[in-house]
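Encoded as structure tokens, the structure appears first; notes follow it.
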Amino acid sequence: MTKVIIDCDPGHDDALAILLAGQHLDILGITTVAGNQTSDKVTANALKIVELMDRTDIPVFRGAQVPLLRKAIHAGHIHGETGLDGPDFPTPVKEVEDRHAVDFIVQTLMAEDDVWLAPVGPLTNVALAIRQRPEIVSRMAGISLMGGSLTTGNSTATAEFNIWFDAEAARIVYDSGAPIKMCGLNLTQQANATDREIERIRNQGNRVGEVVVQLLEFYLDAGERVTGVRKAALHDPCAVAALIQPDLLEFEAMHVSVETRGELTYGMTVCDYRHLRGFGSSQVDRGPLRQEANVEVAMKIDESGFLDLLIDALGRY
Ligand code: RIB
Ligand code: CA
């Protein structure tokens, strides 16, 4: 079974990513990073989720509480005051581990082979881990992340939240040489939950499903407020599905790096896909300014197959 560390900022879609991974991957640990909400809140939420899935054997580690340089700007308008609004979760009994998330990431990657990182929040922890122990880049199986976009942003016209929250950290990760699979908004906005999916999950009639129904009803309300349409992109589970059933997604190799100085483009993932537009190949055209492809960017997803995979996983709890 594929070994993974999920680095997250739960977050409604983070919760779904963890639940999906819980049925198909060997979760070595969950690390939390400030993002959707404060470190305290996202860490409490991670504990709530492992208790919900009856997997208190999975250790939870608190990570970075603030971005590397800029001020934290959370997303309470989407995920609510708790960061996981909707259901009434009991106060978690399970406690967070003493070890810092970055130390857990470094020590696990140095000790174990073939471990994937699945960051589905800001990349602060991953950047700190790479800075602390650069060798992890060659030791890891890879990074399957939710973040960035080939096209438009959500936090701004150009930047997606996970990257925008800490663009300096993201720059370190994208420029590190780590093998990256990127599920950006161009991909995740193809994978949406609607009331139809809520009904499918409700009809499975299990306890976890009922809590997910309440999560999704809150999340769809937020989606409707933002877009005017009652649907919500299931961003984070896409990065997990890429590890479970890669043939649900189509990827293209290209160079990607992160803008950290732009007044209007701070946090933009600048994706060089000129070769997809007939302007030379990503491997052959090595003009003086061209750079080698460093990221597999997800371009398409089989939405129906993805939703079936997720809903089936939710029904197995
Ligand atoms: O832009 C979507 C990302 O931001 C998701 O990871 C969501 O959980 C939020 O963190
Ligand atoms: Ca997230």
Side-chain angles (χ1 to χ4, degrees), residues 1-32 45-60 79 84 86-87 89 94 115-121 141 144-146 181 183 187-220 223 231-249 298 300-317:
M1 198 180 254
T2 301
K3 294 184 281 187
V4 68
I5 296 171
I6 299 179
D7 188 67
C8 55
D9 60 337
H12 291 67
D13 54 328
D14 304 69
L16 292 173
I18 294 167
L19 288 164
L20 174 59
Q23 287 296 330
H24 293 281
L25 303 176
D26 178 4
I27 305 175
L28 302 182
I30 293 173
T31 53
T32 68
N45 292 340
L47 294 169
K48 292 172 191 172
I49 296 158
V50 293
E51 288 191 349
L52 170 68
M53 59 204 279
D54 200 16
R55 288 295 310 279
T56 51
D57 59 298
I58 298 173
V60 174
H79 300 277
L84 210 53
F89 288 96
K94 179 178 171 65
V115 176
W116 280 87
L117 288 186
V120 292
S144 183
L145 66 82
M146 190 281 138
K181 286 176 175 290
C183 287
L187 188 281
T188 63
Q189 288 170 342
Q190 298 173 37
N192 293 286
T194 67
D195 286 315
R196 188 174 58 249
E197 280 67 48
I198 288 181
E199 274 320 296
R200 286 178 64 185
I201 295 165
R202 179 182 279 121
N203 292 340
Q204 293 187 141
N206 61 340
R207 178 182 59 89
V208 167
E210 185 42 48
V211 173
V212 170
V213 162
Q214 296 169 45
L215 285 171
L216 283 177
E217 283 174 339
F218 182 90
Y219 193 48
L220 260 66
K231 67 177 181 177
L234 299 176
H235 304 288
D236 295 343
C238 289
V240 168
L243 295 179
I244 297 168
Q245 203 173 325
D247 63 0
L248 286 174
L249 296 92
K300 284 187 188 158
I301 189 167
D302 167 359
E303 181 183 44
S304 163
F306 164 75
L307 292 172
D308 287 349
L309 177 72
L310 176 61
I311 293 170
D312 169 73
L314 295 172
R316 293 178 185 206
Y317 282 98

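Numbering of residues begins at 1 and proceeds along the displayed sequence.
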Find the distance between [atom1] ([X]) and [atom2] ([Y]) and round it off to the nearest 0.5 Å.
| X | Y | atom1 | atom2 | result |
| --- | --- | --- | --- | --- |
| Leu20 | Leu25 | CG | CG | 7.0 Å |
| Ile30 | Ile5 | CD1 | CD1 | 11.0 Å |
| Cys238 | Lys181 | SG | NZ | 13.5 Å |
| Leu307 | Glu303 | CG | CD | 5.0 Å |
| Leu310 | Gln23 | CG | CD | 11.0 Å |
| Gln190 | Asp302 | CD | CG | 10.5 Å |

Do [X] and [Y] come within less than 4.5 Å of each other through their side chains, counting heavy atoms only?
| X | Y | answer |
| --- | --- | --- |
| Ser144 | Val4 | no |
| Leu47 | Glu51 | no |
| Leu234 | Leu216 | yes |
| Asp195 | Glu199 | no |
| Tyr317 | Asp54 | no |
| Leu309 | His24 | yes |
| Ile49 | Leu84 | yes |
| Phe89 | Leu215 | yes |

Side-chain ([X]) to main-chain ([Y]) donor-acceptor, under 3.5 angstrom:
| X | Y | value |
| --- | --- | --- |
| Asp236 | Ala15 | no |
| Glu197 | Thr194 | yes |
| Asn192 | Lys231 | no |
| His79 | Pro10 | no |
| Arg207 | Leu52 | yes |

Yes or no on side-chain contact (heavy atoms from CB on, under 4.5 Å) for Thr32 and Val60, after CA distance, side-chain angles and deciding distance? CA-CA 8 Å; Thr32 68; Val60 174; 4.1 Å; yes
What are the two closest heavy atoms between [X] and [Y], and how far apart are they?
| X | Y | value |
| --- | --- | --- |
| Tyr219 | Ala233 | OH-O, 2.9 Å |
| Met146 | Ala239 | N-CB, 3.7 Å |
| Asp312 | Arg316 | OD2-NE, 2.8 Å |
| Asp9 | Gly121 | OD1-CA, 3.4 Å |
| Met53 | Ile27 | CE-CD1, 4.5 Å |

Are there over 12 heavy-atom neighbours, none belonging to Lys94, within less than 6.0 Å of that residue's NZ?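 Enclosed: over 12 neighbouring heavy atoms sit under 6.0 Å from NZ of Lys94.
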Intermediate values then yes/no, side-chain contact (heavy atoms from CB on, under 4.5 Å), Cys183 and Leu249: CA-CA 9 Å; Cys183 287; Leu249 296 92; 3.8 Å; yes
Holding to side chain to side chain donor-acceptor pair (under 3.5 Å), I want the full list of residues that pass it with Asp14, two or more places apart in sequence or in another chain.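 Asp14: side chain to side chain donor-acceptor pair (under 3.5 Å) contacts with Asn36.
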Please name all residues satisfying side chain to side chain donor-acceptor pair (under 3.5 Å) with Glu217, sequence neighbours left out, ordered by chain then number. Arg202
Applying salt bridge (charged side-chain N to carboxylate O under 4.0 Å, His left out), name anything that partners Arg200, two or more places apart in sequence or on another chain. Asp308
